[in-house]
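By convention in this document, chain letters (A, B, ...) are assigned in the order of the sequence lines, proteins followed by strands, and residues within each chain are numbered from 1.
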Protein chains: 2
Amino acid sequence: MSRQPSRQRLSRDALTAVALLLVDESGYDALTLSAVAEQLQVGPSALYTHCGGLDGLRHVTAVAATNNLAVQVRQAAIGTAGGDAVNAVAHAYRDFTLDHPGQFAATLRPPRANDDELVQADQAITDVFALVYTAMGLTPPESALAARSIRSAVHGFLALEHNSGTTEACEDDYQHLLDTVHRGISNRYFADIEGPASD
Amino acid sequence: MSRQPSRQRLSRDALTAVALLLVDESGYDALTLSAVAEQLQVGPSALYTHCGGLDGLRHVTAVAATNNLAVQVRQAAIGTAGGDAVNAVAHAYRDFTLDHPGQFAATLRPPRANDDELVQADQAITDVFALVYTAMGLTPPESALAARSIRSAVHGFLALEHNSGTTEACEDDYQHLLDTVHRGISNRYFADIEGPASD
DNA sequence: ACCTGAACACCGTTCAAGT
DNA sequence: ACCTGAACACCGTTCAAGT
């Protein structure tokens with residue numbers, strides 16, 4: 001009330017925070033320079049200093065969304081092991097897509113050329129699965145392949161669910177998928193078939 | 001050379017054909033009414049009669065791309081059975097994403113509200129996997145679950161590959177994924193572990 | 001019935017000008 | 001160094017007018 005600064009106020013983090021809220025509330029296609037600028041009470045051209053145009057805005061949004069997903073699945077892996085850990089990580093993955101559909105859509109967008117930052121953030125997600133299988137006794141070549149397999153299955157199921165528009169009966173089908181893929185991995189690398197078969 | 005008709009010439013199929021070529025050559029983001037209209041030598045407003053705006057253009061493109069993918073995987077399933085059929089269908093799936101990256105990107109886009117046509121076209125792809133497992137002896141509840149599992153894995157791997165920008169060493173990793181998931185399905189529903197384990 | 005062309009709103013982008 | 005505001009190009013959309 002004292003004095004309103006008609007200028008400045010703006011940072012890369014503030015810009016990112018607005019972008020993440022925007023895509024989750026209004027859909028990924030609502031991510032425009034104009035919409036972000038309006039919420040920050042600045043002109044659209046003011047954003048060029050911080051993210052460098054629309055391409056840059058999409059980039060920082062994709063990186064932030066991917067990192068958020070990585071953090072969530074990493075937290076879910078704490079305190080669990082084996083098939084329980086796979087389930088915990090996979091369900092945290094799905095919860096993220098349900099709670100933050102716009103951020104998940106942002107992770108589905110193709111990166112720009114030589115986008116090492118985004119590729120590295122994405123790799124961090126697969127690495128969580130890899131660590132789970134490493135803890136189960138697999139070593140680097142096989143643990144990476146197992147991680148990529150379960151992550152592909154999880155990612156594909158959630159992308160298809162995200163596009164189907166319906167969440168009906170997906171919970172059971174998701175658990176079915178996890179059991180099947182984990183069974184394939186266990187059967188391939190371990191002698192016995194362990195893991196929680198839920199039917 | 002005789003007479004150039006400065007008017008008409010236009011149809012929904014012609015519009016779709018131009019759109020499919022455009023996305024594969026210039027990327028999905030190049031799909032605009034202006035670009036399609038220019039190649040058809042009409043004004044942008046002429047497209048509204050046939051597809052109803054940008055949303056409609058994206059819709060017909062997504063439906064056509066999904067149908068093209070469905071046709072390709074269906075053809076690959078002919079004359080094969082068992083694990084060989086799963087491999088044939090899955091590799092046809094991947095070949096499509098490599099040959100038509102823009103059309104694959106179109107299938108990744110979320111459908112508009114109550115888009116039954118697109119949901120049905122997408123289901124046709126999963127149905128191909130379901131038929132393969134039906135031929136192996138599974139019945140509707142389990143064949144659908146198995147189909148959804150292998151399709152999710154295939155879809156997720158290819159989406160991640162599509163975003164990684166690199167195709168290095170993906171061929172072997174893809175076969176590894178197929179073997180693992182098919183092994184999980186076989187082990188779950190059939191007593192023995194059949195299928196071509198490639199290592 | 002279908003296309004043209006003008007008109008309008010909106011968005012991305014650049015840049016000179018301010019602070 | 002960072003933001004404003006004008007300016008421009010481009011795209012989506014509508015609609016009256018033509019055929």
Side-chain angles (χ1 to χ4, degrees), chain A residues 2-23 25-63 102 105-106 109-113 115, chain B residues 2-23 25-63 102 105-106 109-113 115:
Chain A
S2 52
R3 58 183 171 93
Q4 55 260 38
S6 64
R7 318 214 304 87
Q8 57 99 351
R9 192 203 308 107
L10 207 51
S11 71
R12 188 162 170 147
D13 286 349
L15 186 152
T16 304
V18 168
L20 294 179
L21 284 175
L22 185 66
V23 294
E25 291 179 358
S26 307
Y28 183 79
D29 288 339
L31 184 64
T32 62
L33 289 172
S34 299
V36 173
E38 187 181 14
Q39 283 216 12
L40 290 169
Q41 297 183 355
V42 295
S45 58
L47 303 182
Y48 280 75
T49 308
H50 302 276
C51 71
L54 181 60
D55 240 37
L57 177 62
R58 289 174 174 162
H59 167 74
V60 298
T61 304
V63 170
R109 295 269 315 179
R112 49 186 186 182
D115 197 340
Chain B
S2 52
R3 57 183 173 91
Q4 56 260 40
S6 64
R7 316 215 306 86
Q8 56 100 352
R9 191 202 308 108
L10 207 50
S11 73
R12 190 164 169 144
D13 287 350
L15 187 152
T16 304
V18 167
L20 294 180
L21 284 175
L22 185 66
V23 294
E25 292 179 357
S26 307
Y28 183 79
D29 288 340
L31 184 64
T32 63
L33 289 172
S34 299
V36 173
E38 187 181 14
Q39 283 215 11
L40 290 169
Q41 297 184 353
V42 295
S45 59
L47 303 181
Y48 279 76
T49 310
H50 301 278
C51 71
L54 180 60
D55 240 37
L57 176 62
R58 289 173 173 163
H59 167 74
V60 298
T61 304
V63 171
R109 296 269 315 178
R112 49 185 185 184
D115 197 341

Query raised in the report: Tell me: CG of B:D29 to P of D:dC10, nearest whole Å?
Result: 18 Å
Query raised in the report: Between D:dC2, C:dC3, C:dC11, which one does the side chain of A:T49 approach most closely?
Result: D:dC2
Requested in this report: Could you tell me the separation between the OG1 atom of B:T16 and the CG atom of B:L21, rounded to the nearest 0.5 Å?
Outcome: 11.0 Å
Query raised in the report: With both distances under 3.5 Å as the test, what is the Watson-Crick or G-U wobble partner of D:dA7?
Result: C:dT13
Query raised in the report: Of all the choices, D:dC3, D:dT13, C:dG12, which nucleotide is nearest to the side chain of A:S34 once you look at every atom?
Result: C:dG12
Report task. Measure the distance from CG on A:L47 to C1' on D:dC2 and round it to the nearest whole Å. Result -> 12 Å
Query raised in the report: Could you state the CG-C1' distance from A:L33 to C:dC11, rounded to the nearest angstrom?
Result: 8 Å
**Report entry** A:L15 CG to D:dC3 C1', straight-line distance once rounded to whole Å
**Finding:** 14 Å
Query raised in the report: Roughly how far, to the nearest 0.5 Å, is CG of A:L31 from CG of A:L54?
Result: 7.0 Å
Query raised in the report: With the threshold set at 4.0 Å, does a side-chain nitrogen-carboxylate oxygen contact exist between B:R58 and B:D115?
Result: no
Report summary line: Atom CD of B:Q41 and atom P of C:dT4 are separated, to the nearest Å, by 10 Å
Requested in this report: Consider the side chain of A:Y48, meaning its heavy atoms from C-beta on, and name the nucleotide among C:dT14, C:dC2, D:dT13 that approaches it most closely.
Outcome: C:dT14
Query raised in the report: In whole angstroms, how far is the P atom of C:dC10 from the CG atom of A:L54?
Result: 18 Å
Query - Atom pair distance, as rounded to whole Å: CZ in A:R58 and C1' in C:dT13 - result: 14 Å
Requested in this report: Report the distance from atom CZ of A:R12 to atom P of D:dC3, rounded to the nearest whole Å.
Outcome: 14 Å
Report summary line: Ranking C:dG12, D:dG12, C:dC3 by distance to the side chain of B:A46, first place goes to C:dC3
Report summary line: Closest to the side chain of B:P44, out of D:dC3, C:dG12, D:dT13, is D:dT13
Requested in this report: Drop me the distance from B:L20's CG to B:E25's CD, to the nearest 0.5 angstrom.
Outcome: 11.0 Å
Report summary line: Here the gap from A:D29 atom CG to B:R109 atom CZ, rounded to the nearest 0.5 Å, amounts to 4.5 Å
Query raised in the report: Within less than 4.0 Å of OP1 or OP2 of C:dC15, is there a side-chain N or O belonging to A:S45?
Result: no
